[in-house]
There are 2 protein chains.
Amino acid sequence: MTNIRDIARMANVSVTTVSRVINEHPYVSEEKREAVLRAMERADYQVNMTAVHLSQGKSQLIGVVVPFANHPYFGLLIEGIAKKAVESNYHFVLIQTNYNKEREQEALDMLRHKQIDGLIICSRISGLDTITKYRQYGKIVICENAKGNRTIDSVYIDHYQSFLSALKYLYEKGYRNIGYSIGRETGSNSYFRQQAYRDFLKQKDLPYQESFVFTENYNLEDGQKVVNLIQQLFHKPDALLVTSDVVAAGIITACNHTNLRVPEDLAIIGFDNQPIAKMMGITTFEIPLVTMGEKLFQQVIRTTSTAHQQFHVTLIERNTV
Amino acid sequence: MTNIRDIARMANVSVTTVSRVINEHPYVSEEKREAVLRAMERADYQVNMTAVHLSQGKSQLIGVVVPFANHPYFGLLIEGIAKKAVESNYHFVLIQTNYNKEREQEALDMLRHKQIDGLIICSRISGLDTITKYRQYGKIVICENAKGNRTIDSVYIDHYQSFLSALKYLYEKGYRNIGYSIGRETGSNSYFRQQAYRDFLKQKDLPYQESFVFTENYNLEDGQKVVNLIQQLFHKPDALLVTSDVVAAGIITACNHTNLRVPEDLAIIGFDNQPIAKMMGITTFEIPLVTMGEKLFQQVIRTTSTAHQQFHVTLIERNTV
DNA sequence: CTGTTAGCGCCTTCAC
DNA sequence: GTGAAGGCGCTAACAG
């Protein structure tokens with residue numbers, strides 16, 4: 001492995017000069033530059049980026065934490081992140097946690113061990129206080145409402161308002177037995193949605209039915225699970241807010257195998273506006289995930305003060321309400 | 001930023017000793033070890049992995065090249081890679097190429113610049129000869145049949161045989177106007193499939209119809225495209241091999257919006273056995289993508305000689321044939 | 001314009 | 001057990 005010193009020797013110049021031509025810095029005479037270039041060519045010289053990074057104290061690498069890489073929601077966020085990373089000459093290491101604290105800790109450790117310059121957490125399992133401790137080692141941005149936080153950046157959807165408007169929409173369409181399906185029961189996004197749900201019911205003087213809340217639904221297959229549960233209910237919901245179009249698609253498909261008609265017996269509103277929603281004509285709230293991913297990246301490399309950026313959802317009316 | 005030398009000073013020992021306790025090497029007296037530990041605690045010492053990596057000449061990082069991260073096929077490969085990477089204390093940087101040569105080149109460059117120790121190419125656009133040149137900088141494993149290659153490792157499906165058995169299956173079911181849908185027209189996987197298709201037709205004395213081959217289909221939405229094309233055909237295929245369950249799902253959904261009945265008017269066989277195939281009852285060939293991902297990773301960190309590992313597909317009979 | 005030199009932070013051989 | 005010293009490969013301030 002030939003290094004910068006070897007090249008210097010071969011070209012009869014100093015390492016500084018070599019470094020200068022590598023980095024295209026000015027103040028190098030044309031002849032020396034060519035001598036260096038020739039030497040590099042001859043020796044098939046390759047810069048060692050690890051050394052560059054050590055010397056510069058940064059890695060041009062950021063960490064991206066997702067619970068599941070193979071899920072369209074996170075896939076779209078990653079899409080946006082990747083897009084902007086390329087433009088800024090960054091790369092990213094993907095850390096799939098499966099909502100396992102140890103995996104998440106690993107990402108945090110990479111930050112303090114200077115393997116990565118910053119960290120994007122698309123969904124977390126650790127407490128915000130734990131994460132905040134690592135802020136001193138590098139920029140951290142999370143994908144949830146952290147408006148109050150003065151150290152952690154955030155890019156988010158106001159899920160309280162989104163849920164509220166979805167509920168109102170269904171209410172106006174005449175539905176009175178509205179339930180919802182989410183992924184994790186914990187997590188701040190779920191918290192805000194639950195809050196909206198309860199506030200809405202109170203406001204409309206509707207009863208809270210525990211059996212109308214379906215949790216741990218992430219994928220297509222989980223739709224079947226939801227429908228099975230509904231089938232067992234004596235008092236069934238007549239509309240469902242589903243925090244993922246793929247789950248919504250799963251529910252609709254499962255319904256088609258039963259006597260439940262959509263939307264006559266069960267109205268469905270999805271979230272994200274994934275391709276599958278368009279394909280199946282699912283009424284949904286579009287979330288600008290790719291754009292959010294782009295912002296997540298831009299924020300993580302920005303050195304300025306903490307920022308919080310809110311995004312909005314857009315109702316896409318189709319045939320499931 | 002406090003470093004190993006500071007700790008040594010604080011604990012009144014040499015850097016060697018500090019290094020020893022950090023890496024849990026033997027030959028350190030209990031009292032010195034504790035002194036070091038205390039100093040590290042007091043100063044909130046954090047190892048700088050970049051320095052470790054420079055010193056050791058490796059990064060514990062591998063590169064993973066995919067055309068699209070947000071696609072279930074690659075999502076499952078990544079799933080498998082991630083699983084094994086964790087176990088081996090490796091991380092990976094994800095490089096999404098969109099089948100853009102420059103992006104792919106970037107990954108190759110990371111390898112020769114020692115930013116990554118090895119490279120997994122899930123699907124490529126560059127020529128194999130180009131890639132081979134980079135083998136000298138680190139291990140490379142690709143996800144396609146490269147049995148002959150003596151430097152590049154591979155993990156693959158015999159797409160020739162898979163396609164052939166799928167065609168035979170359809171033939172035995174009585175279909176005589178079989179077409180197929182693939183992603184890229186180029187690429188070795190496509191080549192083998194095309195070969196199988198042509199050989200099969202010849203063997204059965206069936207005519208080759210250019211209009212029965214549908215290319216550039218990757219996603220759900222592309223299914224609609226295929227159906228639109230079929231609708232315009234006077235002589236329509238009565239069965240389709242579709243190299244992705246999501247595309248198959250898209251085709252079926254699009255058919256439901258037309259007068260085409262599946263499988264009466266058009267039989268469909270998918271590939272991968274994705275969740276959506278199960279959900280929609282699509283007959284498909286299961287590809288062990290997660291397992292293949294695991295193998296891809298194991299091969300990339302293995303220092304032994306070049307290996308080529310073949311995997312097999314399994315027919316899953318459901319309702320679309 | 002160019003070269004010397006001191007880092008960046010850690011590992012590891014070798015001698016005591 | 002322990003430490004001094006050289007090395008990993010590159011950058012950048014400083015002196016000329």
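Reminder, nothing fancy here: chain letters follow the sequence lines and each chain counts from 1.
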*Between D:dT11, D:dC8, D:dG9, spot the one nearest the side chain of A:Gln56, thanks.*
D:dT11
_Does a side-chain N or O of B:Asn3 approach OP1 or OP2 of C:dG9 to a distance below 4.0 Å, or not?_
yes
*Just call it for A:Met1: base, sugar-phosphate, or nothing, with non-hydrogen atoms closer than 4.0 Å on any strand.*
sugar-phosphate
_Residues in ring-ring contact (aromatic ring centres under 6.0 Å, His included) contact with A:Phe297, at least two apart in sequence or another chain_ = A:Tyr90
*Near DNA chain C, under 4.0 Å by heavy atom, which residues of residues 12-33 of chain B?*
B:Thr16, B:Ser19, B:Asn23
_Atom pair distance, as rounded to whole Å: NE2 in A:His113 and P in C:dC8_ = 19 Å
_Under a plain distance cut-off of 3.5 Å, with no hydrogens placed, do A:Glu216 and A:Tyr218 share a side-chain donor-acceptor pair?_
yes
*Scan A:Glu102, A:Gln96, A:Glu104 and name whichever one has a side chain to side chain contact (heavy atoms under 4.5 Å, CB included) with A:Asn100.*
A:Glu102
*asked:* Taking the ring centre of each residue, are A:Phe311 and A:Tyr156 less than 6.0 Å apart?
replied: no
*Once you round it to whole Å, what is the distance between C1' of D:dC10 and NZ of B:Lys114?*
15 Å
*asked:* What's the angle between the local helix axes at either end of the helix from C:dC1-D:dG16 to C:dC16-D:dG1, using five pairs per end and rounding to 10 degrees?
replied: 40°
*Anything under 30° is parallel, anything over 60° is perpendicular, the rest tilted; go ahead and classify A:Tyr73 against A:His71.*
perpendicular
